[in-house]
Amino acid sequence: MTDIAEDLSSSQVDPLVKGMTWEQMTPGSTFRTAKRTVTEADLVQFITWAGFNEPLFYDASHAQAGGYQGRLIPGAMIYCIAEGLILQTNVLNGTGLAFMHMELSVKRPVYVGDTLHALVRTTDSRASSKPGRGVVTAAVSVRNQRDEEVLTFTPVRLIRGADFREAH
């Protein structure tokens, strides 16, 4: 064993990555995620896994006949990529408790090869009916490589508070 293992237990060391409490998510606070390019493999895996058996997503000539310029990405996949990018920021790491609600709008098409990122702005943050937790609403704008808005959604989440106590 190393010296550190003999002196410390894991419970004595704070994680390097810790999510924000609901109190820290103040209305108006904003952040941007990292970027991610959507690949052909991403599209095929998603539509196969999710059962999106729709020619619009797997038949390029069908999509082109509908006026699209490439391999079209489903809106549900764009949302999932954006949620993944948000979670990768670690803003909810260890503090997220529940995803409660959202509204979603697809604004423009996304194609294989597009690079996406998200802008997240907290719009509301309040204590919940139970102590130690709060309800946080955000506005998320998903953008492509030209900074064009392609999808928006408004997640409402239950988030741990600074005074959260774990159930035993």
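Values below: every heavy atom of this structure, side chains too, minus hydrogens, waters and symmetry copies. We number each residue from 1, following the sequence as shown.
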Notebook entry, point to check: Is there side-chain contact between L104 and T152, with heavy atoms separated by less than 4.5 Å?
Noted result: no
Margin query: Within the structure provided, determine whether V135 and R157 are in side-chain contact (heavy-atom separation under 4.5 Å).
Written below: no
Next item on the list: Kindly compute the distance separating CD1 (I159) from CE (M100), expressed to the nearest 0.5 Å.
Entry: 10.0 Å
Check: Do D114 and T37 have side-chain heavy atoms sitting under 4.5 Å apart?
Finding: no
Check: Would a 4.5 Å heavy-atom cut-off, applied to side chains only, mark Q45 and E40 as touching?
Finding: no
Next item on the list: Check whether any side-chain N or O of T26 sits under 3.5 Å from a backbone N or O of S29 as a donor-acceptor pair, and report yes or no.
Entry: no
Notebook entry, point to check: Quick one: do the S141 and E149 side chains pair a donor with an acceptor below 3.5 Å?
Noted result: yes
Notebook entry, point to check: How about E148 and R143: do any of their side-chain heavy atoms sit closer than 4.5 Å?
Noted result: no
Notebook entry, point to check: So does E103 have more than 12 non-hydrogen atoms from other groups sitting under 6.0 Å from CD?
Noted result: no
Next item on the list: State, to 0.1 Å, how close V150 and P109 come at their nearest heavy-atom pair, and which atoms those are.
Entry: CG1-O, 4.4 Å
Next item on the list: For Y79, enumerate each residue passing the ring-ring contact (aromatic ring centres under 6.0 Å, His included) test, keeping only those at least two apart in sequence or located in another chain.
Entry: F153
Notebook entry, point to check: Under 3.5 Å, side chain of R36 to main-chain N/O of T115, donor-acceptor pair present?
Noted result: no
Check: Any side-chain heavy atom of V110 sitting closer than 4.5 Å to one from N144?
Finding: no
Checklist line | Atom pair CZ/CD of R160 and E166 - distance to nearest 0.5 Å | finding: 5.5 Å
Notebook entry, point to check: Is there side-chain contact between V112 and I73, with heavy atoms separated by less than 4.5 Å?
Noted result: yes
Notebook entry, point to check: Do you know which two heavy atoms are closest between T95 and T21, and how far apart they sit?
Noted result: CG2-N, 4.3 Å
Item checked: L97 side chain reached by F164 side chain, heavy atoms, under 4.5 Å -> yes
Check: Does F31 have any ring-ring contact (aromatic ring centres under 6.0 Å, His included) partners at least two apart in sequence or in another chain, and if so, which?
Finding: none
Check: Between T154 and M102, is there a donor-acceptor pair closer than 3.5 Å when you use the side chain of the first and the backbone of the second?
Finding: no
Margin query: So, using side chain to side chain contact (heavy atoms under 4.5 Å, CB included) as the criterion, who are the partners of T30 when residues are at least two apart?
Written below: R121
Next item on the list: Taking T48 for its side chain and V44 for its backbone only, find out whether a donor-acceptor pair lies under 3.5 Å.
Entry: yes
